[in-house]
Amino acid sequence: MKNRNVTGMVVAVIYSIVLYGFLIEAPPGEIPNHPRWAYLMIPLGAIAIMALFDFVIKHDFFKDKK
């Protein structure tokens, strides 16, 4: 398996948790009313963040070479 960028993984997990928190938020007594594609933004955004850190930024703050 390819060495993945740990910084990208951490940022993608944080993004997923925060976006999920925003999507399930609703006024008391009501269910969240979002289009179905809004929930697809969680995995698609995480994949985009991972690709950005793996192929564009290429700097890993957790595996910093000394």
Side-chain angles (χ1 to χ4, degrees):
M1 183 174 151
K2 179 184 168 192
N3 289 334
R4 303 299 300 220
N5 193 322
V6 178
T7 305
M9 283 189 239
V10 170
V11 172
V13 167
I14 292 170
Y15 165 82
S16 299
I17 292 169
V18 169
L19 187 60
Y20 179 74
F22 282 132
L23 287 175
I24 65 168
E25 199 171 283
E30 295 182 19
I31 60 170
N33 188 14
H34 299 290
R36 293 181 191 251
W37 60 264
Y39 295 99
L40 282 175
M41 296 307 295
I42 296 173
L44 294 177
I47 291 170
I49 289 170
M50 293 288 296
L52 181 71
F53 274 90
D54 280 343
F55 301 114
V56 177
I57 296 175
K58 294 183 182 178
H59 181 74
D60 196 348
F61 292 102
F62 292 102
K63 289 183 184 176
D64 204 15
K65 295 179 182 173
K66 297 175 182 171

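- At least one donor-acceptor pair under 3.5 Å links the side chain of Asp54 to the backbone N or O of Asn5.
- Using a distance-only test at 3.5 Å, with no hydrogens or angles considered, a donor-acceptor pair links the side chain of Asp60 to the main chain of Thr7.
- Here the CZ-NZ distance, from Phe53 to Lys58, works out to 14.0 Å after rounding to the nearest 0.5 Å.
- One distance of note links CD of Glu30 with CD of Glu25; it measures 12.5 Å at 0.5 Å rounding.
- In plain terms, the two heavy atoms of Tyr39 and Pro35 that are nearest each other are CD1-O, 3.9 Å.
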With a cut-off of 3.5 Å and sequence neighbours excluded, list every side-chain donor-acceptor pair involving residues 11-24.
residue: Tyr15; atom: OH; partner: Met41; partner atom: O; Å: 2.9
residue: Ser16; atom: OG; partner: Ala12; partner atom: O; Å: 2.9

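- Other residues, nucleotides and ligands place more than 12 heavy atoms under 6.0 Å from the CG atom of Leu40.
- Atoms CE and CZ, on Met9 and Arg4 in that order, are 6.5 Å from each other to the nearest 0.5 Å.
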